[in-house]
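To start, the structure under review is shown below, and the notes come after it.
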Amino acid sequence: MKIATWNVNSAKARLPNITEWLTAAAPDVVLFQEIKCETAAFPAAAFVELGYEVHAVGQKAYNGVAILSRQPVTDLLTRLPGDEEEDPQARYVEGTIGGVRIASLYLPNGNPPGDGDSDKYRYKLRWMERLRLHAKGLLEAGAPVVLGGDYNVIPAPEDVYDPVGWRNDALFRQETRLKFQEILALGYTEAFRSLHPGRHPAYTFWDYQAGAWPRNNGLRIDHFLLSPQAADRLMGCEIDKAPRGKEKASDHTPVILEINA
DNA sequence: ATGGTGGATCGTCCA
């Protein structure tokens with residue numbers, strides 16, 4: 001099973017780029033983030049035409065996630081549990097595909113962090129704790145679990161072009177990395193780094209500004225976390241840089257995971 | 001210190 005994750009930075013603005021890539025890469029499951037439209041405005045028909053079942057969770061202007069699948073999706077969850085009343089942001093969708101529990105998540109950015117006490121940064125850390133608790137519960141359910149998406153977390157210094165300059169950024173602060181490590185400590189495996197321990201730089205995001213793409217000033221912030229049963233089936237995990245070099249590109253590029261059927 | 005870019009939306013917010 002080939003599963004792709006891609007922060008597309010607007011599904012509508014990116015539609016030609018997305019359909020071109022899906023046709024060539026032919027993933028079985030696709031996890032989108034930042035679709036940036038309401039659920040009803042998501043261009044689902046274009047993906048149905050390519051053979052996918054579509055499950056989008058959107059909101060006006062910001063955020064928004066989706067799962068596309070060639071096989072049927074069951075037991076859909078459209079919010080990350082915890083603080084559901086207070087959190088209207090569309091950042092999480094999860095379903096079961098071929099016996100695998102698969103989520104598309106868009107973790108809050110959290111900038112500016114202030115001294116680690118800004119409202120946005122505290123929301124990020126609370127969201128990460130909600131994710132940790134939910135990820136823990138998923139392990140107890142027994143099915144293999146794949147949590148893919150834009151984590152807005154730089155796991156280690158080799159995952160950012162300038163670790164010193166980024167040390168206080170919400171994506172790289174110590175508290176952010178420790179909270180990410182807490183999720184891994186439950187028993188999850190970060191697929192790309194586990195398969196390619198020495199491969200860096202290996203980025204998934206390059207800012208639109210300051211020539212970040214031509215200078216390769218990137219970040220690795222899009223990840224797949226696998227439960228032990230899913231990690232046992234891990235066959236490959238690769239970053240496809242090509243879409244970032246296209247006209248009208250998203251600032252993120254896709255990551256592709258392969259697990260044994 | 002600022003601005004540099006891009007999307008949604010139409011004055012700003014977000015990244």
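Naming: A, B, ... by sequence-line order, numbering from 1 per chain. From a predicted model like this one, the values you see are computed outputs, not experimental measurements. Side chains included, hydrogens not; waters and symmetry mates left out as well; all remaining heavy atoms used.
- In this structure, A:Gln59 places its CD atom 19 Å from P of B:dG7, rounding to the nearest Å.
- Judged by closest nucleotide on DNA chain B, A:Ala210 is the one of A:Tyr62 and A:Ala210 placed further toward the 5' end.
- What separates CZ of A:Phe205 from P of B:dA15 is a distance of 11 Å, to the nearest Å.
- Comparing atom distances between the A:Lys12 side chain and each of B:dA15, B:dA8, B:dG6 picks out B:dA8 as nearest.
- Toward the 5′ end of DNA chain B lies the nearest nucleotide of A:Ala13, the other residue of the pair A:Asn111 and A:Ala13 mapping further downstream.
- Atom CG in A:Asn109 sits about 16 Å away from atom P in B:dC13, given to the nearest Å.
- Look at the C1' atom in both B:dA15 and B:dG4: the space between them is 14 Å, to the nearest Å.
- With rounding to whole Å, A:Lys36 atom NZ is found 12 Å from B:dC14 atom P.
- Both tests hold for A:Arg91 against A:Tyr106: distance to the six-membered ring centre under 6.0 Å, angle to the ring axis within 45°.
- As a whole-Å value, the separation of A:Leu107 CG from B:dC14 P is 17 Å.
- Distances from the side chain of A:Ser10 to the nucleotides B:dC13, B:dA8, B:dA15 place B:dA8 closest.
- Taking side-chain N and O atoms only, A:Arg14 has no distance below 4.0 Å to OP1 or OP2 of B:dG6.
- Separating the CG atom of A:Asn7 from the P atom of B:dG6 is a distance of 16 Å, rounded to the nearest angstrom.
- Closest to the side chain of A:Lys248, out of B:dA8, B:dA15, B:dG7, is B:dG7.
- Distance check on atom P: B:dG6 versus B:dT2 gives 22 Å, rounded to whole Å.
- Within the 4.0 angstrom heavy-atom criterion, only backbone atoms of the sugar-phosphate kind lie near A:Tyr106; the bases stay farther away.
- A donor-acceptor contact under 3.5 angstrom links the side chains of A:His252 and A:Asp222, judged on distance only.
- A:Asp207 places its CG atom 17 Å from the P atom of B:dC14, with the value rounded to the nearest Å.
- A:Arg215 has its CZ atom 13 Å from the P atom of B:dT5, to the nearest Å.
- The aromatic ring centroids of A:Phe180 and A:Phe172 lie 6.0 Å or more from each other.
- Between the A:Arg167 side chain and the A:Val164 main chain, a donor and an acceptor come within less than 3.5 Å of each other.
- A side-chain donor-acceptor contact under 3.5 Å links A:Gln89 and A:Asn63.
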